[in-house]
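Right, one structure below, let's go through it.
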Amino acid sequence: MNLDQLNKKQREAVELIGGPILIFAGAGSGKTRVLTYKIAHLVHNVGLPPENILAVTFTNKAADEMKQRVQELLDIDISSMSVGTFHSISARILRREIHMIGYNNDFVIYDQGDSHALVKGVIRDMELDEKTFVPKSIQAHISKYKNQMISPEYLSKTINGYFDEKLSEIYTIYQNELQANDALDFDDLLLKPLELFSEFPNRLEFYQQKYRYVLVDEYQDTNRPQFELVYLLSKVHRDVCVVGDDDQSIYSWRGADINNILNFSESFGKSSIIKLEQNYRSTQNILDCAWTVVSRNTSRSEKKLWTDNNQGDMLAIIECKDERDESWKILKIIQEETIRKEYSLDELVILYRTNAQSRALEDVLRREGVPYQIIGGVKFYERKEIKDVIAYLRLIVNPNDGISFDRIVNFPARGIGKTTLEKIHKIAKRENSSYLHVLENIDELSVGKKQKKSLLDFRQLILKYQQEYHKQDAASITSDILLDIELKNYYTNQNTQDAAERWTNVEELLNSITDFQEHREDSTLSDFLEEVSLLTDIDRWNESDKAVTLMTIHSAKGLEFPVVIVAGLEEGLFPLGASSFEVEELEEERRLFYVALTRAEKKVYLSYAQARRRFGGPPIPSVQSRFIHELPKSLVNYTYRQLSANKEYHYPNNQASNKQLSPKSPYSIGTQVEHKLFGRGKILAIEGVGDSAKFTVLFSGNVRKKLISKYANLIQIK
DNA sequence: CTTAAATACTTTTTT
DNA sequence: AGTATTTAAG
C-alpha cells in the first residue's frame, strides 16, 4: 500500500503498531487521513481481519465516510469492521447481550424528550412540587450522575438534605421505570455495556478478543463511561490508538473530561505520543489568529500549528446594528463571495453559538431566495407528528414502552382523557405490569362505555401489528398503520397550512423508512427505530447540495469550509452567558472560538451586533466579544464594510441574482405554477433546495400552501 | 372528553 | 416570536 501521500509524522503515526498510542492532531492536520490509512495499514500490511477492528467516531456521518475511505484503499471487503459512534457501537452490542442483565433485547432508546416525559411522570407520581423539582433540571442532574457513573444506590448513601433526598429517590424510580419499560436513555447506552462486562467477564473477554485493535477519534471529548469502555476493551492486548486535540475539547457540559486525553499515558501505561502539527487546511493568518486566542488558555498542552499555505486575507470584522442588520450584511457577503468571486454556496458556512440565532438569518435568506440548509434546532425526528407515528412503531416492537403508550393512546383523539389514563397508570403500578397489559383485564378498569370500547380497539390494533411485524417490512407496516388510524384525514380535516405540512412530514418519514430498507438488506423495524434514535441532524446533512449551511459551532466540529462566517460575537452570547465568570467555562468558550476559526480554509468573517433582541423583546445593547479583542490587531480588518445600515435594509428583491444563485431549479420566487389539487398559484418563498425544497405558494382564492418540491409535482406555467 | 383561548416559558451547546 | 402547557368553555 502506498503511504507516499503522508508526511513524515503522519506516516509514523500510521506505521507505529504495538502498545497504546496517543496522537495529538491539531486542527486540519490530516487526522482523518491518518486514521483511515492506519486502518488500511492494519488490514493490508499487518494482516488483521477487518472484523477485529473497532473504530469509534464522533458522528455516524464520520463513521460512514471513514468506512468508505478505508474501503477505497483496500481491495478486500471491510463491511465486517465495526465503525460507529460510542452510542451506536454500544447499542449494537446490547441488542445481542442485554437480556443477560434484565432487559429485553428489543429495548427502545429514549431520546431527551422521552426521558424528560418519564422524569416528569415520576415527579408527578411522587406528588412533588414542580417548581422545586423542575423536570428539565432534574433530568440534567440525573444525566450528570450517570456520566460520573454514580448509581442511584450510591447516590442514596451520600444524601444531604431534603432536595438531595428527593432527587435520589426520583433517580432511583426513574431508573426502575426505564427498566420496566425496556428502555435505555442515551447515558444508559454507555453504562449498560459496562454493567454487562463487570457482571459477565466472559462477555468482556469475548469483545476484547473481537476488537483486537481499537481506534478512537475526537478522544478529547470522551466522558468517563466512554473512557472505561475503551480502557476495558483494550486492557489485555493494549493495542489502542486515540486521536484528539485538547484545544478542541468543547463538550465538558456533557461530561467529557479533558483529562482523559491529558492523562492518557498514566491511564493506559507506557505509550507512544505523536504530535501532528502541520496544518493543511487554513491560511497562515487564520492559524495565527486561532493560536493567539487559544494560547491564552492555561490548561493545555503546548503546541503550535504551522503551515506551508500562504498568508491569505485578513479576518474581517462586521459591525452591525442589530441581528436583522447582521443578517442583511451576511447576505451581502454571501452574494459577494458567490456572484463576483470564486466560491459556490456550499463552500460557505454560517456558524453561531446558539440555535436560536438561526431565525433572523433564515428570514433574510428565505426572503432573498438564497438556498440554505440549517443543521440542528428542531430535528426532523423530534417533530411531534414524527414522534407520534414512531411511537406506534415502538409500542408494537416493545409493548412495555409506557412513554409511547401515553403518547398515542389518545392520538388521534379516541376519547381517552386524563382521568382514564391515570386509572390505567394506577393499576399498572399496582399489578406491576405494562400499560398495554392493563387493557387485557379491562373490566377492572372503572371507565365509561365509550372509553372501554376505544381502549379495546386500541389494544386490538397494537396486537394485530405485533403479530404482523415480523413478517412484513417496516414501510408497509407503517403505511398500514397510517391507514388504520386515518392520520391523513386527521390532518387534512384540520384544513390548515400547519396540518398540511405535518402530513407532508409524515410522508417524508415513510419515505425515509423505504430508503432505509433499500440501503440495508434484511433490516427490521427495530433496526430502523434504533437508527432513528441515534441519528443526528448532521448525519442527514447533504454537503453537496448547492446551499449555504447554517449550524452551531458544536455541530461544525470536524468539518471544513473555504469561507466561514461567525455570527453573534458579543459578550454574553459568545462567550455565552455567565461563562465569562468561571475560568474553566470561559476557556471552553475560547476553545469553541478556536474550533470556529479553524474550520476555515481561506476566509473568515466575524460579525457582532450593537444590540440584540431576546425572546422577541426589545433590542438590548451589547458589546463586542472579548474574543475579537484577543485577535492580533495586525491580522484583522476592522474597517471592513462600514456601510450605513439603512441602505442595507432595503435590499432589492433581485430576481436576476436568485437565478444565478440557484441555476438548477426552474422555480424561483414569483414563478407561476399549477398544482393538480390547488390549481394555479405563484411561488412566494423557497426554503431549502432540490427535492426537499419547500415552496410557499399563493393559490387563487388567497390560499397559501407550503409544499415539498418532491411531492408537490408543480408544473411551471410560462 | 374535546377544543379554543390564555398563559408561561424559552436560549447553551448534543449522543 | 414562537412553542408548549395550562385553563376555560362547550
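Sequence lines set the chain letters: A, B, ... in the order given, protein chains first and strands last, and positions in each chain run from 1.
Side-chain N/O atoms of A:Thr552 include one lying less than 4.0 angstrom from OP1 or OP2 on B:dT14. Distances shown here put every side-chain N or O of A:Thr85 at or beyond 4.0 Å from the OP1 or OP2 atom of B:dT15. Proximity of A:Ser88 to the phosphate of B:dT15: no side-chain N or O atom is located under 4.0 Å from OP1 or OP2. Taking 4.0 angstrom as the limit, A:Asn355 places a side-chain polar atom (N or O) nearer than this to OP1 or OP2 of B:dT14. OP1 or OP2 of B:dT14 lies within a sub-4.0 Å distance of a side-chain N or O belonging to A:Ser555. Between A:Thr420 and B:dC1 there is a side-chain N or O to OP1 or OP2 distance below 4.0 Å. Phosphate proximity of B:dT2 to A:Asn410: present, with a side-chain N or O under 4.0 Å from OP1 or OP2.
Across the protein-nucleic acid pair, A:Glu570 atom CD and B:dT12 atom C1' stand 15 Å apart, rounded to whole Å. One can place CG of A:Leu189 at 9 Å from C1' of B:dT15, the figure rounded to the nearest angstrom. A:Gln494 has its CD atom 9 Å from the P atom of B:dT3, to the nearest Å. Per the geometry, OH belonging to A:Tyr251 stands 12 Å off C1' belonging to B:dT12, to the nearest Å.
With A:Tyr594 as the aromatic partner, A:Arg591 does not meet the cation-pi criteria of under 6.0 angstrom to the ring centre and within 45 degrees of the ring axis.
For A:Tyr103 and A:Phe107, the ring centers are positioned 6.0 Å apart or more.
Once the 5.5 Å centre distance and the 30° plane angle are applied, the aromatic ring of A:Phe615 is found not to be stacked with the base of B:dT11.
Atom CZ of A:Phe516 has more than 12 neighbouring heavy atoms from other residues, nucleotides or ligands inside a 6.0 Å radius.
For the P atom pair drawn from B:dT13 and C:dA4, the interatomic distance equals 15 Å after rounding to whole Å.
Looking at heavy-atom distances under 4.0 Å, A:Ala356 makes contact with a base. No engagement by A:Gln357 is indicated, since no non-hydrogen atom pair under 4.0 Å with the nucleic acid exists. Within 4.0 Å (heavy atoms only), A:Thr59 reaches no atom of the nucleic acid at all. Looking at heavy-atom distances under 4.0 Å, A:Arg591 makes no contact with the nucleic acid at all.
Judged as a ring pair (Phe, Tyr, Trp, His ring centres under 6.0 Å), and not counting sequence neighbours, the contacts of A:Tyr435 are A:Phe405, A:His425. A:Phe411 pairs by the ring pair (Phe, Tyr, Trp, His ring centres under 6.0 Å) definition with A:Tyr490, not counting sequence neighbours.
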